[in-house]
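Note on naming: letters A, B, ... go to the chains in the order of the sequence lines (proteins, then strands), and numbering restarts at 1 for each one. Side-chain atoms are counted along with the backbone in the values below, which use heavy atoms only and exclude waters and symmetry mates.
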Amino acid sequence: MQIAHIIGGIVSIVGSLFLLLGALGIVRMPDAYNRIQAGTKATTLGTLLFLAGIGIAEPGWLPKLAVLILFILFTNPVSSHVLARAAHHIGIALTSRTVADKLREHEEAARD
Amino acid sequence: MINSILFVVLALLALSSAITAVLAKNLVTSILAAGFVSLLASVIYLLLSAPDVAMTEAAIGSGLSTIIFFYVLNKVRRSGRHD
Amino acid sequence: MKNWVVSMILLFGLWLLLSADLAVPILIAGFIVVFLIVLLFSVRNPVFRDIKLGPKALAYIIIYPVVFLKALVMANFDVARRVLSPSLPIRPAIVEVRTILHSPIGRLMLANSITLTPGTLTVEIQGDSLFIHWIDASATDINGATESIVRGFEKYLEVIYG
Amino acid sequence: MGNALFSIAAGIALIALVTAAYRFFRGPGAVDRVIAYDVLTIISISLIAVISYLARRVIYLDVAIVYGLLSFLGVIIVAKYLERGL
């Protein structure tokens with residue numbers, strides 16, 4: 001029983017490192033879109049591993065943790081997509097290192 | 001040990017978030033900061049082993065009041081533009 | 001009919017996970033609730049109408065999460081490399097790609113998968129076109145971007161949803 | 001031993017929470033703050049889960065489920081408000 005707790009703890013620590021990575025990503029990235037990128041991906045895998053680690057340590061909790069994991073896996077990309085769409089709609093500027101913006105070209109072509 | 005560290009750091013974050021909510025010039029920032037205070041408060045209630053209070057705080061403080069604030073803000077903005 | 005059966009199985013699975021109990025009264029109550037929900041909502045929103053349930057599709061439904069999880073782990077190491085290196089090696093662009101999927105749920109799955117895979121984020125969907133923010137754009141024309149972003153998932157989703 | 005490892009995990013998650021809160025307090029635009037808010041709620045879900053492990057009470061996980069549901073709704077509402085389409 002003790003070994004399961006140790007394995008679960010290590011998995012959870014790896015997950016928390018990914019959470020820290022996501023937080024660092026939203027601090028370091030230069031514009032809103034890149035922040036959404038770093039934030040979504042790293043926190044999704046981080047939370048998944050974190051909850052999986054707790055599930056390994058306490059197998060009886062797995063059903064509830066599974067609901068939580070499935071929920072995060074489905075809602076996280078949707079909310080980041082909605083945020084990115086809103087940001088582009090109200091004209092948040094992309095960083096100066098951007099090489100192309102096909103969506104703006106498309107919208108300007110539709111308006112003409 | 002870890003419980004006391006969590007408690008102190010979360011309380012400090014909640015305090016600074018509350019100050020942000022009061023001092024911010026932008027209303028969106030204020031509402032989000034108020035929601036963040038509720039989020040931290042519900043984690044603190046959980047640390048004080050009160051899951052029922054934490055759940056109520058999560059549902060009402062962070063969920064419902066944020067949604068209602070944004071709904072009202074949207075209404076106000078729309079009627080203001082017509083005048 | 002297929003829509004009803006698939007919705008009921010999925011909702012009943014969710015009920016079992018939430019209750020975590022196999023007593024008979026709970027199962028009966030869950031069945032009644034699931035039946036009512038499907039009766040009320042599935043008539044107007046035929047979410048699973050376009051799903052295919054042949055043997056190949058079932059195999060791909062099992063394979064797809066594995067492919068997806070592998071892509072998710074790759075995405076995270078990619079993000080780690082970019083965030084932790086001091087020079088921040090990014091070359092972002094918003095590119096347009098085309099999809100051959102027709103059903104709304106297939107497109108939803110595709111957009112969600114794209115968002116969680118290395119360096120890409122779905123910004124807007126208009127008709128057949130998906131506009132994708134790409135953190136390290138190697139090709140900005142439609143065909144090149146479609147080839148390197150969409151094909152990997154479309155291969156599986158086309159069989160499952162069509 | 002298990003408790004010690006999970007305490008370390010909780011500590012790292014707490015550092016992540018403080019780091020994301022920096023972007024929340026500083027963030028130049030409203031969109032940046034909403035992104036930070038989204039990340040903050042997800043980190044707090046992990047934190048709630050580890051608190052429920054350390055206290056060995058499964059009922060605490062229900063708070064995390066409620067949280068996941070409501071934060072998703074909140075982010076959608078804010079995005080719709082910013083898009084002027086609520």
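With a 4.5 Å cut-off on non-hydrogen atoms, A:Y33 touches chain C through its backbone and its side chain both. The part of C:T120 that comes within reach of chain A is its backbone (N, CA, C, O), which places non-hydrogen atoms under 4.5 angstrom from that chain. Only the backbone of C:P86 comes within contact range of chain A, judged by heavy atoms closer than 4.5 Å.
Within the 4.5 Å cutoff, the side chain of A:R85 has no heavy atoms near those of the C:I125 side chain. You'll find the side chain of A:L24 reaches within 4.5 Å of the side chain of C:L84, heavy atoms only. At least one side-chain heavy atom of C:V83 sits under 4.5 Å from a side-chain heavy atom of A:M29.
With hydrogens and angles disregarded, no donor-acceptor distance shorter than 3.5 Å links the side chain of A:K41 to the backbone of C:F77. The closest donor-acceptor contact from the side chain of C:E124 to the backbone of A:H89 lies at 3.5 Å or more, if one exists at all.
Rounding to the nearest 0.5 angstrom, the gap separating the CG atom in C:N76 from the OG1 atom in A:T44 is 7.5 Å. Atoms CG and NE2, from C:L108 and A:H81 in turn, are 9.0 Å apart once rounded to the nearest 0.5 Å.
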Identify all side-chain donor-acceptor contacts of residues 48-72 of chain A below 3.5 Å with residues at least two apart in sequence or on another chain.
{"unit_1": "A:E58", "atom_1": "OE2", "unit_2": "D:R56", "atom_2": "NE", "d": "3.4"}
{"unit_1": "A:K64", "atom_1": "NZ", "unit_2": "D:D62", "atom_2": "OD1", "d": "3.1"}

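Per-residue heavy-atom pair counts under 4.5 Å with chain A were compared for C:L116, C:V79, C:L18, C:I132, and the maximum is reached by C:L116.
Minimum interatomic distance between C:N112 and A:F74 (heavy atoms only, all atoms of both residues): ND2-O, 3.8 Å. Heavy-atom minimum distance, A:A84 versus C:T122: CB-O, 4.4 Å.
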Just do the side chain to side chain contact (heavy atoms under 4.5 Å, CB included) check on A:H88 and C:I94 with the steps written out, would you? CA-CA 10 Å; A:H88 199 277; C:I94 293 183; 3.6 Å; yes
